[in-house]
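Note sheet for the following structure.
All ligand and atom numbering here is 1-based and tracks the order in the structure.
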Amino acid sequence: MNLSIAMNPKAARGCFITLEGIEGAGKSTHIARLSALLSSLGIAVVTTREPGGSPIAERIRALLLDSVNTGMDDTAELLLMFAARAEHLAKTIRPALDSGAWVLCDRFTDATYAYQGGGRGLNPERIAVLETLVQGDLRPDLTLLFDLEPELGLARARGRGAADRIESEALHFFDAVRAVYRERAYTSPERFCLIDAAAPLSVVGEQAGRALRALVETRLGESADAFGAGATV
Ligand SMILES: Nc1ncnc2c1ncn2[C@@H]1O[C@H](COP(=O)(O)OP(=O)(O)OP(=O)(O)O)[C@@H](O)[C@H]1O
Ligand SMILES: [Mg+2]
């Protein structure tokens with residue numbers, strides 16, 4: 001049993017924030033800074049990632065990313081993504097949100113629409129069915145989309161070493177991924193913050209921090225001003 005829930009049954013549910021974008025866009029770089037920002041505001045924060053984020057989901061991640069697994073069936077890939085997500089939600093995300101912690105998640109279901117829908121060409125209506133099955137009505141409160149030319153993103157990511165199974169896709173795959181991400185941001189502007197990830201790190205960080213602060217202020221009202229006035233990302 002989650003101790004924090006038992007001790008604090010009336011804790012307000014935390015906010016669920018996702019970071020999205022293609023390889024090398026800056027998600028991992030900024031999730032650390034945003035986590036520090038929330039902590040500085042006195043907000044409990046859990047950072048996590050997809051695919052993965054819980055022991056079984058991390059094992060599914062290894063299957064999904066291992067370049068040995070060439071020729072994986074597209075629907076099998078889709079189902080593995082949602083199998084990992086079901087575990088991640090059950091073991092990590094929902095317990096954290098229920099305890100009042102804010103969750104910062106490096107990729108979530110928008111990535112499935114972008115990669116398996118855009119990149120692989122799977123029907124988004126089928127993805128939506130799985131989304132409802134696995135998540136119920138849980139959706140991110142805020143999604144930061146780090147938008148970047150695939151050429152630039154892949155060049156940044158390449159600096160890290162050997163490409164995994166997804167990173168090894170051709171450029172047109174990432175063009176399709178990016179297009180779906182952007183389309184989703186335009187369709188749901190109330191949830192998305194679209195960030196030009198080609199800008200210098202400090203500018204990207206400021207934009208991401210501003211979007212997060214706006215959510216903090218909305219959720220915590222006046223008290224956020226009192227805590228947040230001096231904090232920087
Ligand atoms: N705005 C930026 N300007 C210059 N370099 C950047 C910028 N953002 C990130 N980088 C650099 O690009 C590299 C990739 O960034 P990062 O690992 O954060 O990307 P990512 O979105 O997490 O990628 P992946 O999806 O592959 O995990 C890092 O070396 C990072 O320092
Ligand atoms: Mg990363």
Side-chain angles (χ1 to χ4, degrees), residues 16-38 45-54 57-67 69 72 77-78 80-81 84-85 88 92-93 103-120 140 142-182 184-185 192-212 232-233:
F16 182 34
I17 298 138
T18 58
L19 290 79
E20 297 283 2
I22 61 157
E23 280 64 12
K27 302 177 295 297
S28 301
T29 303
H30 292 287
I31 203 168
R33 293 160 169 240
L34 296 171
S35 172
L37 171 64
L38 287 178
V45 55
V46 170
T47 62
T48 187
R49 68 169 182 185
E50 289 217 344
S54 72
E58 286 290 328
R59 296 185 71 176
I60 298 173
R61 176 190 178 93
L63 261 178
L64 281 163
L65 298 187
D66 193 340
S67 337
N69 296 329
M72 184 183 291
E77 179 179 283
L78 174 69
L80 284 171
M81 287 290 178
R85 184 160 300 135
H88 188 205
T92 305
I93 296 176
V103 174
L104 291 174
C105 188
D106 186 334
R107 295 191 188 284
F108 194 63
T109 305
D110 292 301
T112 310
Y113 283 100
Y115 285 76
Q116 283 67 50
R120 303 284 187 224
L142 170 67
T143 297
L144 303 170
L145 174 55
F146 296 88
D147 179 54
L148 189 62
E149 287 281 333
E151 288 94 333
L152 188 47
L154 291 173
R156 284 183 188 169
R158 241 175 260 129
R160 277 190 315 235
D164 66 31
R165 193 177 66 88
I166 308 269
E167 286 166 358
S168 308
E169 289 296 334
L171 209 53
H172 65 80
F173 176 90
F174 295 100
D175 285 333
V177 169
R178 182 191 190 198
V180 171
Y181 266 140
R182 289 172 62 96
R184 291 179 69 73
F192 275 89
C193 173
L194 180 63
I195 296 171
D196 175 11
L201 263 179
S202 59
V203 175
V204 175
E206 271 163 34
Q207 281 188 51
R210 206 175 306 130
L212 187 56
T232 52
V233 189

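- Smallest separation of non-hydrogen atoms from Thr48 and Ile31: O-CD1, 3.9 Å.
- Within 4.0 Å of ligand 1, the residues that place a heavy atom are Ile22, Glu23, Gly24, Ala25, Gly26, Lys27, Ser28, Thr29, Arg107, Arg156, Arg160, Glu167, Ala197, Ala199, Pro200, Leu201, Val204, listed by chain and number.
- For the Mg ion (ligand 2), protein N, O or S atoms closer than 2.8 Å were enumerated as Ser28 OG, with waters left out.
- Inspection of the Arg85 and Thr112 side chains reveals an N or O donor paired with an N or O acceptor under 3.5 Å.
- The side-chain contact (heavy atoms from CB on, under 4.5 Å) search around Leu171 returns Pro150, Glu151, Leu154, not counting sequence neighbours.
- The aromatic rings of Tyr115 and Phe174 sit perpendicular to each other, their planes meeting at more than 60°, with 30° as the lower class boundary.
- Here salt bridge (Lys or Arg N to Asp or Glu O under 4.0 Å) pairs that include residues 20-29, with residues two or more places apart or in two chains, are Glu23-Arg107.
- Arg165 and Asp66 make their closest contact through CD-O, 3.5 Å (heavy atoms, listed as atom of the first residue, atom of the second, distance).
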> Can you check salt bridge (Lys or Arg N to Asp or Glu O under 4.0 Å) on Arg49 and Glu58, steps first, answer last?
Replying inline: CA-CA 9 Å; Arg49 68 169 182 185; Glu58 286 290 328; 2.6 Å; yes
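- Counting heavy atoms from C-beta outward, Arg156 and Leu148 have side chains that approach closer than 4.5 Å.
- Summarising the geometry of Val180 relative to Ala114, their closest heavy-atom pair is CG1-CA, 3.7 Å, with the distance given to 0.1 Å.
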